[in-house]
There are 2 protein chains.
Amino acid sequence: MDDHKGRHATIVDVAQAANVSVATAGRALGDYGYVRPETKKAVLSAARELNYKKNIAARALISGSAQTFGMIVSDLSSEFYSNIIKSAVNYSRMHGYCVLIYDTHESTAIEREAVAIFQKHRVDGIIIAPASMRNVGHLRDFVAGGGRIVQIDRRVPGLASDSVTLDNVGTAAACTMKLLAAGHRRIAYIGELDEVKPADLGRIVAEHAASARIKEGFAPSCQRLRGYLDAHRDAGVPVCPDLIGRTGHYSWEAARDATQAVLQHEPTALLTSDGLMTTGAFRAVRAAGMRIPDDISFLSFDDLEWLQLVDPPLSAAAQPCARIGEEAARILIGRARGAKEPLRPGYEHIQLSGSIVDRGSIRTIPVLA
Amino acid sequence: MDDHKGRHATIVDVAQAANVSVATAGRALGDYGYVRPETKKAVLSAARELNYKKNIAARALISGSAQTFGMIVSDLSSEFYSNIIKSAVNYSRMHGYCVLIYDTHESTAIEREAVAIFQKHRVDGIIIAPASMRNVGHLRDFVAGGGRIVQIDRRVPGLASDSVTLDNVGTAAACTMKLLAAGHRRIAYIGELDEVKPADLGRIVAEHAASARIKEGFAPSCQRLRGYLDAHRDAGVPVCPDLIGRTGHYSWEAARDATQAVLQHEPTALLTSDGLMTTGAFRAVRAAGMRIPDDISFLSFDDLEWLQLVDPPLSAAAQPCARIGEEAARILIGRARGAKEPLRPGYEHIQLSGSIVDRGSIRTIPVLA
DNA sequence: CTGTTAGCGCGTTCAT
DNA sequence: ATGAACGCGCTAACAG
C-alpha cells in the first residue's frame, strides 16, 4: 500500500518486488509465454501488493491498439441514439473494448474534429452516423489512412466502410401499405427531406419516379419517402404533394409547423419519418384538437417510449436499436481482430428491418361502394 | 499521400521530410520552444503532406495524461443520464478532453470493472453516479491511488471526492409544500427506497423523525422522502404510511405495482421520486381509470419530455441535467490542470436545486370549513 | 523456463 | 534557433 504519492507502480517495480526480470513479470501479468506457476503467483501477488495497473498507453505504443473505439452521433440524448450507444458500449465492453463518445449536434465541423481526435487516439475503429451525406472528406481521409468505419443509420455511398442501417424503403413501404390497407387514401408524410428541393418535390411525386430519383446516398427521411411513394404506386393510389410535409431541418418545432400546414389538406392518416418528427406532428395534431384515430390515424416511424403513454397509445415502426449497436460493434471487433490481413476487400452492409407495432392508432376506413 | 499501408506517419517521418531534427519537428508540432517561423511552416506542411497525426499514447506515456475522462452511469439511455452525459461530453470536448463511457445496468461488478479499465487508461478523472452507497471499495482504492472522482446524482459519504448533486431534500420538500398548499392532505409518494426496510418505514413516519434517521449517505429516493416528511412536519400535517409506496428495486413495473397498491388508500395527490417511478405511477393511474387532476393530482420528480405530450401535461420538478454534467466536467478539468499541487485539501460539493414546472396537473382543493 | 535488450513515438533535458 | 540523446512503461526478440 505504499503508493508513491499518486505515481503508479510500473512493471519494473513489480519485477523487483517479485525478484524477477521485467520480462518474466510481463509474461506473468500479460498471461503469455512460459512462466513457472509459482513465479507467476509471486508476480501477481507483488502486483496486487503494489496496486499495479497495466498502462494501456505503453501497450498501445507497441501494439498500435488501445482497445478503444470511437463513436460519433448527432444527438447523444435522443432515445434512438442513446439506445444504440448503450448496446454498442455493452457489446464492446464484453469483448474488451472501451468506447469514446462524441456528440456533434449535427455539426460537420465538430464531426471533423471528432475524427481527428480519434485518429490521435489511434482508435481501433469508429462507429458513426454521418452528419452529412456530402461533406465527408474527413471520413474518406480516415479510411484512406487505414482507419475502419462502421456507418449506422445513414450510409454515404462510395465510402469504404461497413454499415448497419435500416431497410428504410421497405419499412416505410410496409407502414404505408398498412395505412393503405386500412382504407386510407390521403396519407400525409412528415420528414426532414432536406436533400429534396421543395421545387422538385411536386415533380417527383407526380412522376412517381421515386425509385429512379431517390437512390442510395440519401438520408433516411428521403429513403422513407421513397418507400411511401413506392407503396402508393404499387397500390395504384395517387399521391397528393400537399400531403408531404418537408421541414428542411431537424427540429420538432419545424415538424409541428409542417404538420400544421399539411393538416389543412385533410389527410386521414399521418406517417412520420422519425422520432423527432413524431413529437412535432403529435403536438400539431393535439393543437388542432383532432382526435386519434377518429379524426386522423397516426403511425410513427421510431418507437419512442412515450407512445405507449399517451391516450390512445400510438402505433409505430420500431427500429432494432439494440441490434444496430451490437452489429456495429461486432463488425468493428471482427476487423480489429483480423487486422493482420491487408483488410478484406468487401464490406458488410447489414440491413435490418423495422417491425410495426400496432397499438390501435390507425382507424380502418370502410370502403365506400 | 504515400501512406505506408495503414501505418501512421511518425514525428521522425515528418522531421525527415522537412529536413529538420525530430526535436525541431516536435517543437513545431507541439507549439512550444523556439522555432523559426519558416521552419515551423515547413514542418507543418510536411506533416499535412504525410497526413501526420500525433500519437496520444506516446504523449500519455510521458505526460501521464491522455486528456481523457471516464464516465460511469447506471443507465446510459435514460433521459436523465443521457442529458448529463451529453453536456459533460460537450464541455469536456471544448476543453480538449475526450470521454470514455461505461454503462453498468446498476451492477457493482461492472462498475468495478469500469474503474479498473479506466485506471489502465490512466484517465484524468472519473465522473460517476455510484451504483451502490455501500459497496464502494473500488472507488476508495481509486482515490487512494491518486485518482480523481466527481460524483453526480448520488453521493457516498466519506469518499474523498467532489460531487454535484441535487438538493434532494429541499426540492422534494418544495414539491410537497406545493401540494400541501393546494390543499392536499393525502399525498402519496412513490420511490425506490431500497435502503429503508419496510419494517422501519412505519416507525420513521410515525416519529416524523426523518431528519434524524435519513441522513446523508442515502440514495436520492430516501433523501426525497425526507423532504416529503419534513414538509409534512413543518405544515403540521400527519403522514399516512400507507401512502408511501416502496418499490425496493428500480423498475417501472415495480413502480406501477406499488402505485396500484397505494391508490387503494385514496390519496388525492401523487409525488414520484424520479423519472422511472413517474412512468410506472402514470401507468397505474391510467390503468385505474383515474383522471388527472380531477381524480388525482400528479407531480413528477424529473421532467421527462413526454410529460408535455400527455393530456393533461404533467407538472414536474426539473433537474438541471445540463448543469450537472457541465459542473462535473468543470471540476475535473480544474483538478487536472492544477494536478501539480499535492491536491487541494477540500472538495467541492455542489448542490443544485430543482425547479418546479407547473403544467396544471395539480388540482387546488377548496378548504372545507 | 527466465533474463537482457531494443525499441514503440514523443517530450524534454542538454549542448551547440 | 536547432540537434542529439535519454526515458516514459511495456512487449517482443533474442539469448541463456
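In the text below, chain A, chain B and the rest are named by the order of the sequence lines, each starting its count at 1. Note that this is a predicted model, so its numbers are computed, not measured.
An OP1 or OP2 oxygen of D:dT2 is reached within less than 4.0 angstrom by a side-chain nitrogen or oxygen of B:T39. An OP1 or OP2 oxygen of C:dC10 is reached within less than 4.0 angstrom by a side-chain nitrogen or oxygen of B:Y52. Contact annotation: A:Y34 side-chain N/O to C:dG3 OP1/OP2 distance is not under 4.0 Å. A close approach under 4.0 Å does occur between a side-chain nitrogen or oxygen of A:R59 and OP1 or OP2 of D:dT11. Side-chain N/O atoms of B:T10 include none lying less than 4.0 angstrom from OP1 or OP2 on C:dG9. The side chain of A:R27 contributes no N or O atom lying less than 4.0 Å from OP1 or OP2 of D:dT11. Remark: A:K54 is in phosphate contact with D:dT11, judged by side-chain N or O atoms under 4.0 Å from OP1 or OP2.
In the model, A:Y81 has no side-chain atom that pairs as donor or acceptor with a side-chain atom of A:D103 under 3.5 Å. Of the N and O atoms on the side chains of B:Q151 and B:S161, at least one donor lies less than 3.5 Å from an acceptor on the other residue.
Taking both residues in full, the closest heavy atoms of A:I128 and A:P130 are given as O-CD, 3.4 Å, listed atom of the first, atom of the second, then distance.
At distances below 3.5 Å, not a single donor-acceptor pair connects side-chain atoms of A:Q119 with backbone N or O atoms of B:K53.
For B:A58, the listed nucleotide lying nearest its side chain is C:dG9; candidates were D:dC10, D:dT2, C:dG9. Of the candidates C:dC10, C:dG11, D:dA4, the closest approach to any side-chain atom of B:S21 belongs to D:dA4. Set against C:dG9, C:dG3, D:dT11, the side chain of A:T24 has C:dG3 as its closest nucleotide. Of the candidates D:dA12, D:dC10, D:dT2, the closest approach to any side-chain atom of A:A23 belongs to D:dA12. When each of D:dG9, C:dG11, D:dC10 is scored by its nearest atom to the side-chain atoms of A:L61, the top-ranked nucleotide is D:dG9. You'll find that the side chain of A:N55 is closest to D:dC10, out of D:dC10, C:dG9, C:dT2. Considering only side-chain atoms of A:I62, the nucleotide from C:dG11, D:dT2, D:dG9 that sits closest is D:dG9.
Here D:dT11 presents its P atom at 10 Å from CD1 of A:I56, a figure rounded to the nearest Å. A:K40 places its NZ atom 13 Å from the C1' atom of C:dC1, with the value rounded to the nearest Å. Taking atom OH on A:Y32 and atom P on D:dC10, their separation rounds to 10 Å, with Å as the unit. Note: CD (A:Q67) to C1' (D:dC10) measures 15 Å, nearest angstrom. Per the geometry, NZ belonging to A:K120 stands 14 Å off C1' belonging to C:dG9, to the nearest Å. Rounded to a whole Å, the CG atom of B:D31 is 14 Å from the C1' atom of C:dG11. When the C1' atom of D:dG9 is taken as reference, atom CG of A:L29 falls 12 Å away, rounded to whole Å. Regarding A:N19, its CG atom lies at a distance of 13 Å from the P atom of C:dT2, rounded to whole Å.
Rounded to the nearest 0.5 angstrom, A:I350 CD1 and A:E327 CD are separated by 4.0 Å.
A:R148 and A:D162 are not joined by a salt bridge, as no carboxylate oxygen comes within less than 4.0 angstrom of a charged side-chain nitrogen.
Closest-nucleotide positions on DNA chain D for A:I11 and B:A25 were compared, and the one nearer the 5' end corresponds to B:A25.
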